[in-house]
Amino acid sequence: MLYLFIIIILQQLLITQQCQIFNEQMLLGDYYTNNGSILAVIEFKSYELCEIPIKINSIQLRYESSFIDQQYYVYTVPIESHFTIKFNLDNNVTLGDLQLTLKLPKKYGRESISIVEKEGSYQLINNNTILNVPPFEATKSINVESIHYILINRCEIGKVIKDLQKPFGKWTILIGKYQCMMKLRLLKYDAYIQIGQNQFITFLQTNQQFLGNVIKIEFLKRNNNDNTLEYNYFFNEELVQQEYVVKNTLLQPSADSDCLPYGQRISLGYYYTNYNDSNELINIAYNTLSYCPSGFLHIYDNDNVDQLVSLSEIRTLNMSQIYENTSYNFTYVTYINIVSLNQSILPKLGQIYNYQIYGDLNQESSTYQFKVPLKESDNQIHKIIFFGDMDSNWTGNKSKQTFDWFQSIQNNQSDYDVLIFEGDMAYDLESLDCQQGDMWLRNMTTFTSYYPLLPTPGNHDSGDNYEFDFYRVSFLSPEKPFNTKENYYNFYSVDLGLVHYIFYNPTNIVYDECNQTEIDMMVSIMENDLIEATKNRDQIPWIIVNSHYPMYCSDATDPMCSQNFIALNPFAELFTKYGVAIYMSAHQHNYERDAPFIYNESQINTGLITDGPEQHLIMNSAAPVYIIEGSAGQEYFTPLVPYPAQPYTVYQTGYNDGVGILSVYNETHLYFEQIDLIENRVVDYFWVVQSRGLTSEKTFNILLWVILAFAMVLVIGLAIFYVMRRQMIKEKLIN
């Protein structure tokens, strides 16, 4: 027995003597990165299987080994936090015959620490102890000596933001390349250390294992105040530069600030108008309950876009100020934060982008996506969604089917370009001290956070003072100079593919609350826009007009149905003169399609094709097809529909939630269908066909091509006849 014991001891001694270890290193543990339990990891290699004593101070350490590529063994030795370890003091580490010194930094200490970057690898140096940071691809957070370091190898903004949201210590230091610093300039941190050259040294760069080209960061206490951080730049252990950062506690957000973004909504910018301003493609607005000027938007795609965008404007909606010195008692206050996106941020039109809104660094929205619509045609079918008269109470469950349907298409940006809302939101925007409107903003993100919204206001959007304050401040549309407190026209127009869309608000006209001068002004605005659109008819052959107020409708008891065609006749004449294809409206709480009448009369040349009682084809009409799209769901008034048909009535629905979808096929064909969202079926459809958009020049070109084609056929036919004739003569001569 004693003999066997001696043999085992000799074998162990022989193994220990033969074992040659190499590439020993100390790795920083997850205690400093993810609040784990491992302070550090000792790693080494050998070509033989080793069984050597490994200790720190007097504590025996366990280890694991693995055989790599049939060549060498790798050993990992974890040093756990429950061990009796002295921080910022030397701890003796024994690896067989090799003696090492481990000096671990504190998390919440105030000692100096040095950092070295080498081609994407980082080291923490604490006196003579080198702690290697485990490899990482994008970012790594390290919490050492009351400083939160964020090391950046690949500039992924989303990951940097998540790292910044992990509170630690007093200071936050970012280390990365210059290009990333420029991308992150909107974020709040204490300092960004560049990996790059300046006139003194190459910051943080070294190819050596010792203290060379190293940044040393330490606190500098002044008058017992640790609000100053000192950076010492070393080159080959020689101090060459010092920098100081003073903590500005005034920049810290208030503890009671509510910067959580809500009500986010996308709108089109002036690029889509006659201004053609590429500096404003898309606007994204969102609300906060507090004033939050440090908010920003993170936008990215699956390619090269990864960018932070600051606020371009903050609007304050203070209803108590608006209704000051009136009998109304409002207390509602909200802040509308606006981010403008230009073509340098969104380089590819027609592409889908992802975005996330930050009211401040620690209060963000969910992640959404949207597609930048094309302004010019790409010879593809494009779809637009129309809806109107919609609340968000859900008390009677009247509009929930519409919300549910929008929920189902949230990620279908490839199917639909924009949403067009024909007025009357929330019922009403200013009801219940604007809580009704605030609820609408919160709920409408179901669709407005994914698709650009093009709205036109309705009578229920005007407010108690009939000045549309909530609507004008909250909803963006490219309507300068027609959206002022003195001017309620809310007129604007945009170009999307083959269609020119016009939006106007004749509230004061249909309610007979304006004089002839105001009517003439609005008619002039409309005609000027139609003239410009007509000049561009070769590229944009279709014109569709949108308003909350119908030209015709079937409720004989409603003055809107019996009188609007008279009040709006100056506009109807323009629509006929300039070839408007469709007039979209709402106000009535159902869906209705009316024939293309002119001044309440059916015209011989309206182009109406009666292919049956449902009249599904309208060709080269002299007047628009009139659509009422008011069935998105509301509880304000439930009509007894359908109404008795009028001479112009083609189709009506009952009181079910519904939306309309327009498909733009080409320069000669539009297709529209109405979907009943409760029964989930198409209840009405029609085609609009026109050839009048073709100019005489285009007609001449087509005729020329036809003549050339005929000539070519004639020449080829004559040539064939000539060859055959010669062959026949030749055969006769031979015979």
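Since the model is a prediction, treat every value here as computed from it, not as a measurement.
In terms of heavy atoms, P452 sits closest to L268 at CB-CD2, 3.8 Å. The minimum heavy-atom distance linking Y192 with K177 is given by the pair OH-O, 2.7 Å. The two residues D190 and W171 make their nearest non-hydrogen contact at OD2-CA, 3.1 Å. Taking each heavy atom of P134 and K140 in turn, the nearest pair found is O-CE, 4.2 Å. Of all heavy-atom pairs between Y272 and L349, the closest is OH-CD2, 4.5 Å. The nearest pair of heavy atoms linking V664 to Y501 is CG2-OH, 4.3 Å.
Every side chain to side chain donor-acceptor pair (under 3.5 Å) that N91 has, sequence neighbours left out, goes to N57. Residues satisfying the side-chain contact (heavy atoms from CB on, under 4.5 Å) test with I409, not counting sequence neighbours, are I385, W405, F406, N412, Y416, Y451. Judged as a salt bridge (charged side-chain N to carboxylate O under 4.0 Å, His left out), and not counting sequence neighbours, the contacts of E313 are R315. For S493, the side chain to side chain donor-acceptor pair (under 3.5 Å) partners are D529, not counting sequence neighbours. Residues satisfying the side-chain contact (heavy atoms from CB on, under 4.5 Å) test with K107, not counting sequence neighbours, are Y31, Y32, N35, F168. Take D303 and apply the side chain to side chain donor-acceptor pair (under 3.5 Å) test, not counting sequence neighbours, and it matches K348. For K371, the salt bridge (charged side-chain N to carboxylate O under 4.0 Å, His left out) test picks out D417, with sequence neighbours left out. For the side chain to side chain donor-acceptor pair (under 3.5 Å) test, residues two or more places apart in sequence or in another chain that qualify with N276 are K375. Under the ring-ring contact (aromatic ring centres under 6.0 Å, His included) criterion, Y271 pairs with no residue at all, not counting sequence neighbours.
Listed for the Q307 side chain is no donor-acceptor partner under 3.5 Å among the backbone atoms of K183. Between the D495 side chain and the H500 main chain, no donor and acceptor come within less than 3.5 Å of each other. Put simply, the side chain of S365 gets close to the backbone of I357: a donor and an acceptor are under 3.5 Å apart. Proximity of a side-chain donor or acceptor of T273 to a complementary backbone N or O of Y275 within less than 3.5 Å is detected. No donor-acceptor pair closer than 3.5 Å links the side chain of N536 to the backbone N or O of I540. Of the possible polar contacts, none joining the S449 side chain to the R265 backbone as a donor-acceptor pair under 3.5 Å is found. Of the possible donor and acceptor atoms, one in the side chain of Q165 sits under 3.5 Å from a partner among the backbone N and O of L361. Using modelled atom types, no side-chain atom of D90 and backbone atom of T101 make a donor-acceptor pair closer than 3.5 Å. Put simply, the side chain of S146 never gets that close to the backbone of K170: no donor and acceptor are under 3.5 Å apart. One N or O on the side chain of T129 and one on the backbone of K103 form a donor-acceptor pair closer than 3.5 Å.
For the residue pair N354 / H298, no side-chain donor-acceptor distance below 3.5 Å is found, with atom types taken as modelled. At a cut-off of 3.5 Å, with distance as the only test, a side-chain donor of S141 or D163 sits close to an acceptor on the other residue. A side-chain donor-acceptor contact under 3.5 Å links Y358 and Q356. Of the N and O atoms on the side chains of E145 and N88, at least one donor lies less than 3.5 Å from an acceptor on the other residue. In the model, S344 has a side-chain atom that pairs as donor or acceptor with a side-chain atom of N342 under 3.5 Å. N337 and T288 are linked by a side-chain donor-acceptor pair at a separation below 3.5 angstrom, with hydrogens and angles left out of the test. Side-chain N/O atoms of N283 and S340 include a donor and acceptor closer than 3.5 Å.
Between N126 and L124 there is no side-chain heavy-atom pair separated by less than 4.5 Å. When side chains are defined from C-beta on, S310 counts as touching L186, because their heavy atoms get closer than 4.5 Å. Side-chain contact check for Y63 versus I42: every heavy-atom pair is 4.5 Å or farther apart. Counting only heavy atoms from C-beta outward, the side chains of I21 and Y73 never approach each other to under 4.5 Å. Looking at I147 and Y149, their side chains come closer than 4.5 Å, going by heavy atoms from C-beta outward. Side-chain contact check for T367 versus Y300: some heavy-atom pair is nearer than 4.5 Å. Counting heavy atoms from C-beta outward, Y353 and I345 have side chains that stay 4.5 Å or more apart. Using a 4.5 Å cut-off on side-chain heavy atoms (C-beta onward), H382 and V499 make no contact.
The number of heavy-atom neighbours closer than 6.0 Å to CZ of F87, taken from other residues, nucleotides and ligands shown, is above 12. Heavy-atom contacts from other residues, nucleotides or ligands closer than 6.0 Å to OH of Y47 number 12 or fewer. Annotation: E376, atom CD; neighbour count of heavy atoms from other residues, nucleotides and ligands within 6.0 Å does not exceed 12.
Here the straight-line distance linking atom CD1 of I56 with atom CG of L104 works out to 6.5 Å at 0.5 Å rounding.
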If you look only at distance, which donor and acceptor atoms sit under 3.5 Å apart when one is on a side chain in residues 74-83 and the other is two or more places apart or in another chain?
unit_1 : atom_1 : unit_2 : atom_2 : d
Y75    : OH     : S46    : OG     : 3.1
Y75    : OH     : E48    : O      : 3.2
Y75    : OH     : C50    : N      : 2.8
E80    : OE1    : H82    : NE2    : 2.7
E80    : OE2    : R62    : NH2    : 2.7
S81    : OG     : S37    : O      : 3.3

Show me the side-chain donor-acceptor pairs of residues 64-71 shorter than 3.5 Å, one per line, residues at least two apart or across chains.
none

- Take L441 and T334 through the side-chain contact (heavy atoms from CB on, under 4.5 Å) test and state the conclusion after the steps. CA-CA 11 Å; L441 292 176; T334 189; 5.7 Å; no
- Message: Evaluate Q25 against N23 for side-chain contact (heavy atoms from CB on, under 4.5 Å), listing each step before the verdict.
- Response: CA-CA 6 Å; Q25 63 172 326; N23 283 2; over 6 Å; no
- Under the side-chain contact (heavy atoms from CB on, under 4.5 Å) criterion, do F421 and L419 qualify, and how do the steps go? CA-CA 6 Å; F421 189 82; L419 313 176; over 6 Å; no
- In sequence, state the C-alpha distance, the side-chain angles, and the governing distance for Y122 and I115, and then conclude on side-chain contact (heavy atoms from CB on, under 4.5 Å). CA-CA 7 Å; Y122 290 83; I115 298 179; 4.2 Å; yes
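Here the options are L341, I282, L308, the test is side chain to side chain contact (heavy atoms under 4.5 Å, CB included), and the partner is I299; only L341 passes.
Salt bridge R442/D438: present, at least one basic N to carboxylate O contact under 4.0 Å. Salt bridge status for K162 with E364: present, with a side-chain N to carboxylate O gap under 4.0 Å.
Identified under the disulfide bond (SG atoms under 2.5 Å apart) test for residues 124-190, with sequence neighbours left out: C155-C180.
Using the six-membered ring where Trp is involved, Y355 and Y368 have ring planes that are tilted, between 30° and 60° apart.
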